[in-house]
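Note sheet for the following structure.
Only this structure's heavy atoms are used, side chains among them; waters, hydrogens and symmetry mates stay out. All values derive from a computational prediction rather than experimental measurement.
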Amino acid sequence: MKKFLLTVFALFTLAFVMLAMPVSAHAAAVNNFKITSGINTEKTSEITFDSTRVVSGTAEAGSSIAITIYEPTTVNGNTTYKYIRSYSITVGSSGIFSQNISLKEGKNYVVVAARKDGKYSEVRTTITRKNAVLKATLSQSIAVPGSSNW
């Protein structure tokens, strides 16, 4: 019975991973697609106090860039994503794109996707925007580790 449950669990996990991947995850990537600023692609999440962020990057000229922001909510281990807003950009002949995005307080799940001639690439991250009250509180009580009285 234990072996059967492990097999069912493994199949369920595999099916979930496959469904979570974009349909074109196995398609060719958009040429030169790269985020150059605004999102640290080496991290899966970031924290900021800023209400906006400028996302810039490069991609093949003519690529369609979509930046979509969702609000993630997790209940009983299940995460759902509520659509907040999106931005659309067409990459010009320079191969560079840039877009100022608005962030709501709390978690912002950001997906930057590039499409061109059946090719698809994307970058996903979570940017958590902390409120101004916390920022003011932190700025009033700075502690330096290892410091001593003068």
Side-chain angles (χ1 to χ4, degrees), residues 9 12-150:
F9 177 75
F12 176 76
T13 302
L14 179 62
F16 177 76
V17 169
M18 293 301 287
L19 287 173
M21 293 172 63
V23 174
S24 54
H26 302 289
V30 173
N31 294 335
N32 303 321
F33 176 67
K34 182 179 179 184
I35 302 297
T36 57
S37 69
I39 294 175
N40 184 342
T41 57
E42 295 178 9
K43 296 182 178 182
T44 58
S45 65
E46 300 178 56
I47 296 175
T48 186
F49 291 108
D50 299 330
S51 61
T52 62
R53 171 117 6 141
V54 177
V55 177
S56 301
T58 60
E60 182 179 356
S63 297
S64 297
I65 306 294
I67 303 173
T68 309
I69 301 171
Y70 302 91
E71 177 180 21
T73 305
T74 303
V75 178
N76 297 328
N78 296 318
T79 303
T80 58
Y81 298 91
K82 175 184 169 191
Y83 171 83
I84 302 296
R85 72 183 59 83
S86 61
Y87 305 87
S88 296
I89 311 144
T90 300
V91 178
S93 60
S94 68
I96 298 171
F97 67 89
S98 183
Q99 178 66 50
N100 189 38
I101 63 171
S102 296
L103 302 170
K104 67 168 205 61
E105 281 188 9
K107 290 186 177 184
N108 297 267
Y109 185 68
V110 181
V111 179
V112 182
R115 293 181 190 274
K116 171 84 189 270
D117 299 332
K119 300 175 194 170
Y120 181 83
S121 299
E122 72 177 29
V123 170
R124 299 176 181 200
T125 193
T126 300
I127 301 173
T128 303
R129 178 180 162 208
K130 300 293 186 178
N131 67 34
V133 174
L134 176 60
K135 182 178 180 181
T137 302
L138 290 173
S139 68
Q140 296 295 322
S141 57
I142 295 175
V144 178
S147 66
S148 61
N149 294 337
W150 290 66

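Put simply, CG on L103 and CD1 on I127 are 5.5 Å apart, with the number rounded to the nearest 0.5 Å. Atom CD of E71 is separated from atom CD of E105 by 11.5 Å, given to the nearest 0.5 angstrom. The structure places CD1 of I89 at 4.5 Å from CD of Q99, a figure rounded to the nearest 0.5 Å. Atom-to-atom distance recorded for R53:CZ and I69:CD1 is 10.5 Å, nearest 0.5 angstrom. The distance from the CD1 atom of I65 to the NZ atom of K116 is 11.0 Å, given to the nearest 0.5 Å.
For the pair R115 (side chain) and S64 (backbone), a donor-acceptor distance under 3.5 Å is absent. For K107 (side chain) and T73 (main-chain N/O), no donor-acceptor pair under 3.5 Å exists by modelled atom type. In terms of modelled atom types and a separation under 3.5 Å, the side chain of E46 and the main chain of N40 share a donor-acceptor contact. The closest donor-acceptor contact from the side chain of T52 to the backbone of I101 lies at 3.5 Å or more, if one exists at all. With hydrogens and angles ignored, the 3.5 Å screen pairs no side-chain donor or acceptor of N32 with any backbone N or O of V30.
At a threshold of 4.5 Å between non-hydrogen side-chain atoms, the residues V54 and S37 do not count as touching. Between I84 and N108, every side-chain heavy-atom pair lies at or beyond the 4.5 Å cut-off. At a threshold of 4.5 Å between non-hydrogen side-chain atoms, the residues N100 and Y87 do not count as touching.
Enclosure of atom NZ in K104 by more than 12 non-hydrogen atoms of other residues, nucleotides or ligands within 6.0 angstrom is indicated.
Using cut-offs of 30° and 60° for the angle between ring planes, the F97 and F33 rings count as parallel. The aromatic rings of Y83 and Y70 sit perpendicular to each other, their planes meeting at more than 60°, with 30° as the lower class boundary.
When all heavy atoms are compared, the tightest approach of T125 to T44 is OG1-O, 3.2 Å. Scanning all heavy atoms of the two residues, the minimum distance from G92 to A61 falls at O-CB, 3.4 Å.
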Original post:
Can you list the steps and then say if S86 with T68 is a side-chain hydrogen bond (donor to acceptor under 3.5 Å, both in side chains)?
Top reply: CA-CA 4 Å; S86 61; T68 309; 4.8 Å; no
